[in-house]
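Quick notes on the structure that follows.
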Amino acid sequence: MDNLINNLGILVYATLLYTAPLLYAAMGSCFSEVSGVVNIGIEGMMTMGAFTGAAVAYFTGNPWLGFLCAGLSGMAFALLHGVATVKFGADQTISGTAINFLAPGVAIVTAKAIFNSSDTIPLEPTSKMPILFSGVFSSGTPWSNFMKNVFSTYASTYLVFVVLVVVWFVFYKTRFGLRMRACGEHPMACQSLGIDVHRTRMICVCLSGFLAGLGGACMTMATSNQFRPTSIVGQGFIAIAAVIFGKFRPQGAMIGCLLFGLCSGLRVVIGSSSLNISVQLLSMIPYVVTVIVLIFFVGKSHVPAANGKPFVKAK
Amino acid sequence: MKKLIALLLAVVMCLSLVACGASNDTAADDAATNDAAATDEAAEGEATGETIKIGMVTDVGGVNDQSFNQTSWEGLQALAAEDPTFEVSYLESKTDADYASNLQTFVDEGYDLIISVGYMLADATRAAAEEYPEQKFAIIDDNTCADLPNVACLMFAQEQSSYLVGVVAGLATETNTVGYVQGMVSESMNQFGVGFISGVLSVNPEATVLQYNVNNFADAPGGSTAATNMITNGADVVFHAAGGTGNGVIEACATNGVYAIGVDTDQSPLAPEYVLTSAMKRVDNAVQDISKAVKDGTYTAGTHLYDMTNGGVDIAPTQDLLTEEMIAAVEEAKAGILDGSIVVPTTAEEVPEFTLANAE
């Protein structure tokens, strides 16, 4: 029983730890996709955010300034994507792929120029993302262990759920949200009603980069305290998968991210137990579960009708 | 008209054949000259003042991996800075397919020594070494090429440095429980765990060592989760041999206020108050050593073991968090390893407490 409570605490902790960066990026991906722009470049934007967050926090000593700048750097790369795809109608997949190659290169070259190494200098505890309830719960009894583990999560993790609520509200309760979704379904109709499709899509792509940048910063300012070239390896793609899993809805993407986080935690809990199971099999858990859930429990996904199609304004 | 074209084609083909033949000859001549030059160099040593060209081929980790690729390159750069007769260069491998072509590039450019970084290059290095028996090679962390007459295999006794940090962990733990997170199960990775556990048990036979294999070198959240799990189950010192995953381990230790032990380099800057010590592997010393041997003409093929006696492995110089007792115990263990009274086990079979290899 005690063991069960301990393990439960670890599972919650791991789920939150894995979910936060993915969920930021997934919400970003939602914005871009529903407005009709495929954004494969989430991974690259995360990498840029990961580097910028760690570097700015190191120099200013202010984690929140670092976090904000991380978002802005992601947005800068999203702007590139937006100009190429929305303004000039370039192929969205190719532009995104280019960003995935470009961003890690830019991050590493900049790191070398500033820090003379491809890693940033580790952050001091004060310039790191704070843990809000640090020291409130002491360890000892199983339940206090549980509380301690559950609440040793970072401020950025609480924030991601606040942002989720805001994003949900923007999506479904505001005029902008409705217009943005319409642009992803039938841009021509939008234009005929006087909505500036290019402007709306541009804003969505920029927001997408901003959120992806924040997700990247979670990895280097919370989960660890420095940027290194392996900080972002595939999280962006998992976030995109979570969006498809969640049928292009932010709340659905959240479930996808939580599921992935839970399975990753499960891997550690089972792997640390006395059960003698091959690590190769355990490493598959998150991916196998995702596939199974996709096959059996997630119905037909509605892809925004105009997703991936460049919109050329009617003259 | 047709006849004319046919004639022209025939002429071109003849010419190209001649050209090919000629270029082959030149290449052979060049190679011969190179060989002669190489022998001269070896004979005359420094006196000629010629440059010694050392080329390094990284594995897919790239030259900035914070691990042996980077340390090797730093070692070579330091060597070139201190002795200008050395000319050093590297080629990065983006995929496994690049190994052979990178090695070939250095061979073609007439490098004096080609260093392959990492066991992943073993097959490519073997193939190149067999094809160019006059070319000198060295490979890090691989012993399968030791039978070739022109490959120096640079091996590290990582179990010795792990043993030393194990001694520290065994003394530092108050709960008699320590944790160990490994990045992957392989013969050379297992040596870290085997050495560490032996070290812990040598000073604290009562201790329990919680172990976990993340099976990934770049999963920081996984490292955090594993370490938090160990800490919840009572561990108060956690050692990692897991590359980027280890960042998460150290982070979780700092969050929970327990000690972490780093690996490969001195990882104290990651969390100065919580990184107790680090198990260091001096790949830089090894590449400098073999490069100097080429220059002095004392290069030999076969296995070169870098251990505590020749500065190949050591415990980190940062000792701020260590007590007098720990430092004394480490010195004692070091002396024991050096004089042979302590023989640190190297395989999983010798240490039944090491359980990670069983789950394969």
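Being a predicted model, the structure only gives us computed values, none of them experimental. A, B, ... follow the sequence lines: proteins, then strands. Residue 1 opens every chain.
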Heavy-atom proximity to chain B below 4.5 Å, by part of A:S264: neither
Which bit of A:F137 is near chain B, if near means a heavy-atom gap under 4.5 Å: side chain, backbone, both or neither? neither
Side chains of [X] and [Y], heavy atoms from C-beta outward: is any pair under 4.5 Å?
X	Y	result
A:V233	B:F217	no
A:V279	B:M184	no
A:L17	B:E251	no
A:N7	B:N229	yes

Kindly compute the distance separating [atom1] ([X]) from [atom2] ([Y]), expressed to the nearest 0.5 Å.
X	Y	atom1	atom2	value
A:S278	B:N213	OG	CG	9.0 Å
A:L123	B:L270	CG	CG	10.5 Å
A:K128	B:T255	NZ	OG1	5.5 Å
A:S231	B:N247	OG	CG	7.0 Å

Selection from [options] maximising heavy-atom pairs under 4.5 Å formed with chain A:
options	answer
B:G244, B:G234, B:G223	B:G244
B:N216, B:D219, B:L210	B:D219
B:A220, B:A226, B:G248, B:G222	B:G222

If you count every heavy atom of other residues, nucleotides or ligands that lies below 6.0 Å from [X] atom [atom1], does the total exceed 12?
X	atom1	result
B:F86	CZ	yes
B:E273	CD	no
B:E187	CD	no
A:F101	CZ	no

Would you please say whether a donor-acceptor pair under 3.5 Å links the side chains of B:N215 and A:Q280? yes
Less than 3.5 Å apart, any donor N or O on the side chain of A:N6 or B:T232 sitting next to an acceptor on the other?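 No donor-acceptor contact under 3.5 Å links the two side chains.
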Structural part of B:N256 lying under 4.5 Å from a heavy atom of chain A: both
Exercise: identify the closest heavy-atom pair between B:T225 and A:Y13: CA-CE2, 4.0 Å
For a quick test of reading the model, state the closest non-hydrogen atom pair linking B:G243 to A:R228 and the distance between them.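 That would be C-NH2, 4.2 Å.
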Given side-chain contact (heavy atoms from CB on, under 4.5 Å), test B:V214 with A:V268 step by step and report yes or no. CA-CA 8 Å; B:V214 186; A:V268 177; over 6 Å; no
